[in-house]
Number of protein chains: 2
Amino acid sequence: MESNEVGKRIPTSFMMTRSYASGNRFPAGSHDCNNRMLLKVPELEAFEEELSVTASTLSEVAKLAGVSPATASRVLNGSTRTPAPEIAERVRQAADTLGYIANAQAQALAKSSTGLIGLIVHDIADPYFSAIAQGVQAAARQERRMVLLATTNGTPAEEKDAVVAFAARRAESIVIAGSRSTRSEDAHANTELAAELDRYCRNGGQVGVVGKPILGVAETDNYCTITVPNEQLARDLAQELAHTHKGPFVIVAGPEGLATSDERVVGFQRGLSDAGQPAADVVHVPFNRNGGFDAGIELAWRIKASDQSALEQRLCIFATNDVMAIGVAAALRDRGLRVPHDASLAGFDDIEWLRDFRPALSTVHLPLEEIGRLATLGSSNERKAGEEPGPLSPVTGKVMLRRSTETPHSARG
Amino acid sequence: MESNEVGKRIPTSFMMTRSYASGNRFPAGSHDCNNRMLLKVPELEAFEEELSVTASTLSEVAKLAGVSPATASRVLNGSTRTPAPEIAERVRQAADTLGYIANAQAQALAKSSTGLIGLIVHDIADPYFSAIAQGVQAAARQERRMVLLATTNGTPAEEKDAVVAFAARRAESIVIAGSRSTRSEDAHANTELAAELDRYCRNGGQVGVVGKPILGVAETDNYCTITVPNEQLARDLAQELAHTHKGPFVIVAGPEGLATSDERVVGFQRGLSDAGQPAADVVHVPFNRNGGFDAGIELAWRIKASDQSALEQRLCIFATNDVMAIGVAAALRDRGLRVPHDASLAGFDDIEWLRDFRPALSTVHLPLEEIGRLATLGSSNERKAGEEPGPLSPVTGKVMLRRSTETPHSARG
DNA sequence: TGTCTTATGGAAAGCGCTTACCAGATGGGA
DNA sequence: TCCCATCTGGTAAGCGCTTTCCATAAGACA
């Protein structure tokens, strides 16, 4: 195929000018200051189909409809001004013929509103986060926005990267879920995250945080926190458990410095103390199923070493989240111990898919999906007129005592 | 506050010209052909902070660095041309001072490449999908792209909407997971979905489908299917089960017309027939936990009505996915029946978080995360040079026989 | 019939970038 | 010393839209 160098200087001959664009990739466009390429007529047929290779543009539609791009825009993409019905129909027709799909990027640039909302989670495969994601997604749909997803493994550095990426994409709001780390080795990354978030807010971005506010971010109107009363709930849980459980308590917690876990530990201890019980031992392990499993192995050892017939020696294990609790349960089972027969076990979160787990796990119910929804809505511009900027409708949880913490009727044997 | 009507006709007085943009929302910009607004000096201080309200632009950086935007672009956003080190440094410095973050929308428009990948799932809270999402996310990160998420509840109509939305955003590829529906009431929506997908492909978009190719989409190079050998695997499973199980089989399937489920049903039946067993009864329920539960209630009834001491009457239940199997298990337990004591139970997918479920569920392992990764990579332009365009590295599953299908040693009682 | 207001379509600027092309500078070889 | 190839930064066009402003047409009213 003979193709001339592209250039506006080349005089248009009888050859047809054709839309070329960058190869045939989707987001088409070329940057020859003149993106028309010249092809010889004989070759034309072969490329007939490629003609449509470039997504059609508003002006193409306009041209086909015989109107100006302004008019086409007005009819196709809602505006205060509504062109005459007859014209509108023609435009719509043209758009249909061409299979026109507005370029959201261009619209975003022109209107400076992207309809994007960024979601940052530790791990989308974790049921805790996927439940929240569900809520975010639902809220986003309701507001006709799209969600951009980023997973970070819980490292502040990656969270920062995600914030930057979202900021670059001009997401209108960012929802960030997942416990903050207060560990010293994360301090630097945390500061950077805060700075980035802060800048994002100052630039008008809205952010919704699930859990603790991120340290160092100015609490502006665009900064909304969905506070989960972890401490209070853990305290409630401990108190309720202390009611029936007479033996020692052990807490299987996440790494020290993981805010959510820490809060739950503190609350639980406080609850014990309220009930006149001695403080619980705390084991720190990774904040996931395997962490729980490892802790469970340890504890199994301890349980076996104790006098298993003495009710006052029976252990009550509190894992700071459900997934860890499951790990603990698996480990105990693996070691031939039974819950609640040989030990009580409680978790936190009330992950939905655990409802069929047996023994049914005592835990603290958190309305995860609702939390996601609130964080999204809270970080939405919709929430402007006449609402307090503070933590909107605080999330409430509920202690759920189930089988896993029932005290066996008789002494164990 | 006194503010004049904006307009270029207003002569600049001693008043300061200030960047205003649309409110103080992030993706700033205004369309007064002149987006400078005039504020009286006294009011100025109050808005001092807002000055930075508009994210800074490349030209601002360029100006500050005393270079042209072209140069700034070249140093900041990688190009073949690298300006002199001294200049580059100055630009970087300026960018830093201004807290410049490139506007990805604008870049996308100019470069016509968005780095976006769209993911369509039925339900992100479903562990099956969240596992796939995990893989997609991982692959996306690897290719430095971002994922846009859409959930559809499995309805083709919403899937179509999602495709359109992604096309509008000029996502470079779309990964679509979740069973296709072949039900007649979905036929229309399916056609539309196919048409949309087809157009998307023709426009150069890449699509990766998990499971069955979508009917009616031309199989072009940009269309990649990650085929899951559902039928074969279900067949394998049936054969293995038939080895030890002597009683009747029942299949708890999703709605008729759900491709994935249908395939598994067909495969299972074939496996039974291979093994010389009569075909299984099929119960159709929703393709989720509750569907399984309902079916389980039914089956419990049937089990109880049968002679529970006769091994030849013992039921083996195959649920076409793990989540349904869990529902069945829950229902049986609810009715006082035990697995595998009173019936065998098998699922499909090998959802990760079921590993701690007891009795351990026999199932077919599918590398879900890998599937997500493959679908993403497969629909990536990276996969261009010298690779077959067909279904790349077919996914392989594996039958996992576990406790839930063990035949009790003695007759039941 | 003439003037004024109100609708309506179009021209064009601009959103924030990238990049083809250009012009000026620099250096090497003849 | 002159010419040419090479390098570098800048200029400006253009990505695909939206929206302001303008011109014109159409009524409204006196």
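Just so it is clear: chains get the letters A, B, ... in the order the sequence lines come, proteins before strands, and each one is counted from 1. The basis for the numbers below is simple: all heavy atoms, side chains too, and nothing from hydrogens, waters or symmetry mates.
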Provide, to the nearest angstrom, the distance between the [atom1] atom belonging to [X] and the [atom2] atom belonging to [N].
{"X": "B:Asn103", "N": "C:dG16", "atom1": "CG", "atom2": "P", "answer": "7 Å"}
{"X": "B:Leu76", "N": "C:dG16", "atom1": "CG", "atom2": "P", "answer": "16 Å"}
{"X": "A:Ile101", "N": "D:dC17", "atom1": "CD1", "atom2": "P", "answer": "11 Å"}
{"X": "A:Leu109", "N": "D:dC15", "atom1": "CG", "atom2": "C1'", "answer": "9 Å"}
{"X": "B:Gln105", "N": "D:dC17", "atom1": "CD", "atom2": "C1'", "answer": "12 Å"}
{"X": "A:Lys111", "N": "C:dG16", "atom1": "NZ", "atom2": "P", "answer": "16 Å"}
{"X": "B:Arg170", "N": "D:dC17", "atom1": "CZ", "atom2": "C1'", "answer": "11 Å"}
{"X": "B:Leu58", "N": "C:dC15", "atom1": "CG", "atom2": "P", "answer": "13 Å"}

(Q) Let's see if you can work this out: which of C:dT8, D:dC17, D:dG10 has an atom nearest to the side-chain heavy atoms of A:Ala106? (A)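 For A:Ala106, the side-chain atoms sit closest to D:dC17.
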Less than 4.0 angstrom between a side-chain N/O of [X] and OP1 or OP2 of [N], yes or no?
{"X": "A:Asn77", "N": "D:dT18", "result": "yes"}
{"X": "A:Thr71", "N": "C:dG10", "result": "yes"}
{"X": "B:Ser73", "N": "C:dT18", "result": "yes"}
{"X": "B:Thr57", "N": "C:dG16", "result": "no"}

Note: A:Asp198-A:Arg202 ion pair, threshold 4.0 Å (strictly below):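 Salt bridge present between A:Asp198 and A:Arg202.
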Discussion item. Between the side chains of B:Arg199 and B:Glu196, is the shortest nitrogen-to-carboxylate-oxygen separation below 4.0 Å, so that they form an ion pair?
Written reply: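 Counted as a salt bridge, because a side-chain N and a carboxylate O are separated by less than 4.0 Å.
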What are the two closest non-hydrogen atoms of [X] and [Y], and how far apart are they?
{"X": "B:Thr376", "Y": "B:Ala140", "value": "CG2-N, 4.2 Å"}
{"X": "B:Thr151", "Y": "B:Glu158", "value": "O-OE1, 4.0 Å"}
{"X": "B:Gly118", "Y": "B:Ala171", "value": "N-CB, 4.1 Å"}

| If you pin B:Ala84 and A:Pro69 to their nearest nucleotides in DNA chain D, which one's is more 5'? |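 Its nucleotide being nearer the 5' end, the pick is B:Ala84.
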